[in-house]
Amino acid sequence: MKLQSIQVLRGLAALLVVFYHMRALELRAILENGGDETAILGGLISNGYAGVDLFFVISGFIMVYVTWQIPRRNRSSSAFLFSRFTRIYPVWWVFASLAAIYSLAVYGASALNADNVHPIWGAEPLVGYLFRSFALWPQSEYPILNVGWTLIHEVYFYIIFALIMLLPRQIWLAMFTLWTILIVTASVAGINMPIATTISSLITHPMTMEFIIGGGVGIAVMSGVYWRPGMVTLFATIAFCIALCMQGAESEFLLGWGRVFWFGLPSALLIYGLANIEIEQRLSWAFPALLGGTVIIAIFQLYGLTDESDHSLRITATIVAVITGVIIRSATLWIGCVIGISKPGILLKLQPYLSAMWRALARIGDWSYSLYLCHLIVLFGLKIGFDFLVQLLG
């Protein structure tokens, strides 16, 4: 059973990353033109990288969800790896090739500065850099298409989970626990690094915890652990919005364990709640959650905050936005209950329209991987086009 609610979350994650990079290009354009105005895409969009955290938790959940009923044998594990690799690599190679062609055309293979550092692949030899980029292998520089750094983590997740698949399902949770102990121990020992540039730093990276948490949620859902998923969905929506609103300037902690606590945990609760209410065919809970979250985001964005905004102002904006969102959500729940009791026919008539809206949101999730890979190329193409028009008309 394909869960549309998880596809909706995939779409949300992809859009967060897209808007985050749009904001980065907007800030770059302002800087290049000597401006000092505030970016239009401010507010919580500055934390749009949280879409990656949501992706990682979803990834852990989905791997458990789709393999839970598969018999335990070597062929199953191999088939899993084959299906994952054939899904991720061909599309990656297409967009990585486009990025490589663009980089070589614009910068050339020998565009080095005084320290023999290239603007794209740094001090890495070109052939080795491209090989590791296309293979999604850790290295000191970002892959040729920089969003590929997240895929390096994904490939690592696939390989380890394929090994876990060889074991009885009864001990999967124990294996996830041992994996957690490894990462926490490495963190306490100071072994892990902010960016996974080597195999050891990839193995011990804190963001792996998001995959593990997602896998834990998958085990809970598939084991029949069911505790007030509707209320969990409402709470998780607010928690995720608060995390997006409250975070200001990026720090080393925020980009490591901070991401796990602020974004990974609310993502896990959101996935648990939505998956269970869809399995139980109670997706009506998703509508007030979606509406309340949208109101929180809209109110917070109206404040026009930046990364440098005072923390007290950020807290005030978050409180106002959350209170407003909770009021709207509560009113929606109350109205829904009243209509459901007195005139249930109205809700039955609305159901096809709400289902169509949900399917449309899920369709964005179906496109999320391609959208994630192509959006930087499209955005840079648009920027080049606009720059050309400005010069032509100027």
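Values in this document were obtained by computation on a predicted structure and should not be read as measured data.
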What distance do Ser187 atom OG and Ile191 atom CD1 have between them, rounded to the nearest 0.5 Å?
-> 9.5 Å
Measure the spacing between CG of Leu126 and CG of Leu104 and express it to the nearest 0.5 Å.
-> 6.0 Å
Taking the side chain as C-beta and beyond, is there a heavy-atom pair between His153 and Phe211 under 4.5 Å?
-> no
Test salt bridge (Lys or Arg N to Asp or Glu O under 4.0 Å) applied to Arg23 - qualifying residues, sequence neighbours left out = Asp307
Minimum heavy-atom distance Val260-Pro206, with the two atoms named | CG2-O, 3.4 Å
If every non-hydrogen atom of Leu202 is compared with every non-hydrogen atom of Ala196, which pair is closest and at what distance?
-> CA-CB, 3.6 Å
Same cluster (ILVMFWY, side-chain, under 4.5 Å), Val106 and Ile144 | yes
Report yes or no: do Ile159 and Leu151 belong to one cluster of Ile/Leu/Val/Met/Phe/Trp/Tyr joined by side chain heavy-atom distances under 4.5 Å?
-> yes
In Å, rounded to the nearest 0.5 Å, how long is the span from CG of Leu9 to OG of Ser368?
-> 10.5 Å
Among all residues two or more places apart in sequence or in another chain, which pass the side chain to side chain contact (heavy atoms under 4.5 Å, CB included) test with Val147?
-> His21, Leu145, Tyr372, Leu373, His375, Leu376
Shortest non-hydrogen contact between Ala14 and Leu371, atoms and distance = CB-CD2, 3.9 Å
Kindly compute the distance separating CD1 (Ile6) from CD (Gln4), expressed to the nearest 0.5 Å.
-> 11.0 Å
Take Phe55 and Thr150, measure what side chain to side chain contact (heavy atoms under 4.5 Å, CB included) needs, and give me the verdict at the end.
-> CA-CA 9 Å; Phe55 266 129; Thr150 62; over 6 Å; no
On a heavy-atom basis, the closest approach of Ser267 and Phe240 is OG-CE1, 3.4 Å
Between Lys2 and Asp366, does at least one N-O distance fall below 4.0 Å, as a salt bridge requires?
-> yes
pair Leu25-Phe380: side-chain heavy atoms closer than 4.5 Å = yes
Hey, is the main chain of Ser83 close enough, under 3.5 Å, to the side chain of Thr86 for a donor-acceptor pair?
-> yes
So, Asp53 side chain and Phe263 main chain: donor-acceptor pair closer than 3.5 Å or not?
-> no
Taking the six-membered ring for Trp and the single ring otherwise, decide whether the centroids of Tyr20 and Tyr49 are under 6.0 Å apart.
-> yes
If you measure from CG on Leu234 to CG on Leu269, what distance do you get to the nearest 0.5 Å?
-> 12.0 Å
Side-chain heavy-atom pair Trp179, Met209 within 4.5 angstrom cut-off = no
Tell me, do Leu3 and Ile279 make a side-chain contact under 4.5 Å, heavy atoms counted?
-> yes
Using a 4.5 Å cut-off on heavy atoms from C-beta on, say whether the side chain of Pro138 contacts that of Thr197.
-> no
Arg10 and side chain to side chain contact (heavy atoms under 4.5 Å, CB included): which partner among Leu54, Ile364, Ile62?
-> Ile62
Pairwise side-chain hydrogen bond (donor to acceptor under 3.5 Å, both in side chains) hits with a residue in residues 124-138, at least two apart = Glu124-Arg132, Glu124-Ser140, Arg132-Gln139, Ser133-Gln139
Can you get from Leu244 to Leu313 by hopping between Ile, Leu, Val, Met, Phe, Trp and Tyr side chains that sit under 4.5 Å apart?
-> yes
List the steps, then state whether side chain to side chain contact (heavy atoms under 4.5 Å, CB included) holds for Ile199 with Tyr156.
-> CA-CA 9 Å; Ile199 294 296; Tyr156 167 59; over 6 Å; no
What one should report as the nearest heavy-atom pair of Phe95 and Cys374 is CE2-CB, 3.3 Å
Examine Leu178 and Leu182 and state if one hydrophobic cluster contains both, with Ile, Leu, Val, Met, Phe, Trp and Tyr joined whenever side-chain heavy atoms are less than 4.5 Å apart.
-> yes
Where do Tyr272 and Trp227 land on the ring pair (Phe, Tyr, Trp, His ring centres under 6.0 Å) test, with the steps shown first?
-> CA-CA 10 Å; Tyr272 171 83; Trp227 186 83; 8.5 Å; no
Taking only residues two or more places apart in sequence, or in another chain, which ones meet Tyr303 in a side chain to side chain donor-acceptor pair (under 3.5 Å)?
-> none
Without placing hydrogens or testing angles, list every side-chain donor-acceptor pair under 3.5 Å for residues 316-329, not counting sequence neighbours.
residue, atom, partner, partner atom, Å
Thr316, OG1, Ser312, O, 3.0
Thr318, OG1, Arg314, O, 2.7
Thr324, OG1, Val320, O, 2.8

ILVMFWY cluster, Val91 and Ile101 together (side-chain gap under 4.5 Å) = no
Sequence neighbours excluded, the answer for ring pair (Phe, Tyr, Trp, His ring centres under 6.0 Å) partners of Phe80 is Phe161
Between Tyr369 and Arg87, is there a cation-pi geometry (under 6.0 Å to ring centre, at most 45° from the normal)?
-> yes
Ring pair (Phe, Tyr, Trp, His ring centres under 6.0 Å) partners for Tyr89, two or more places apart = Phe85, Trp93
Using a 4.5 Å cut-off on heavy atoms from C-beta on, say whether the side chain of Met222 contacts that of Gln69.
-> yes
Distance, nearest 0.5 Å, that separates CD1 of Ile238 from CG of Leu270 | 11.5 Å
Set of residues satisfying side chain to side chain contact (heavy atoms under 4.5 Å, CB included) with respect to Ile219, sequence neighbours excluded | Val64, Trp68, Trp172, Leu173, Phe176, Ser223
Which pairs with one or both residues in residues 200-220 pass side-chain hydrogen bond (donor to acceptor under 3.5 Å, both in side chains), sequence neighbours excluded?
-> Thr198-Ser200, Thr198-Ser201
Counting only heavy atoms not in Phe131, do more than 12 sit closer than 6.0 Å to its CZ atom?
-> no
Minimum heavy-atom distance Glu154-Met63, with the two atoms named = OE1-CE, 4.1 Å
Restricting to pairs with a member in residues 96-108, which pass side-chain hydrogen bond (donor to acceptor under 3.5 Å, both in side chains), not counting sequence neighbours?
-> none
Counting only pairs under 3.5 Å, give me each side-chain donor-acceptor contact of residues 285-302, with atom names and distances, residues two or more places apart or in other chains.
residue, atom, partner, partner atom, Å
Thr294, OG1, Leu290, O, 2.7
Gln301, OE1, Leu44, N, 2.8
Gln301, NE2, Gly42, O, 3.1

Qualifying residues under side chain to side chain contact (heavy atoms under 4.5 Å, CB included), relative to Phe19, sequence neighbours excluded | Leu15, Met22, Ile45
Could you walk me through whether Tyr65 and Ile58 pass side chain to side chain contact (heavy atoms under 4.5 Å, CB included), step by step?
-> CA-CA 10 Å; Tyr65 180 79; Ile58 291 173; over 6 Å; no
Would you check, one step at a time, whether the test side chain to side chain contact (heavy atoms under 4.5 Å, CB included) holds for Asn276 with Val232?
-> CA-CA 10 Å; Asn276 268 318; Val232 170; over 6 Å; no
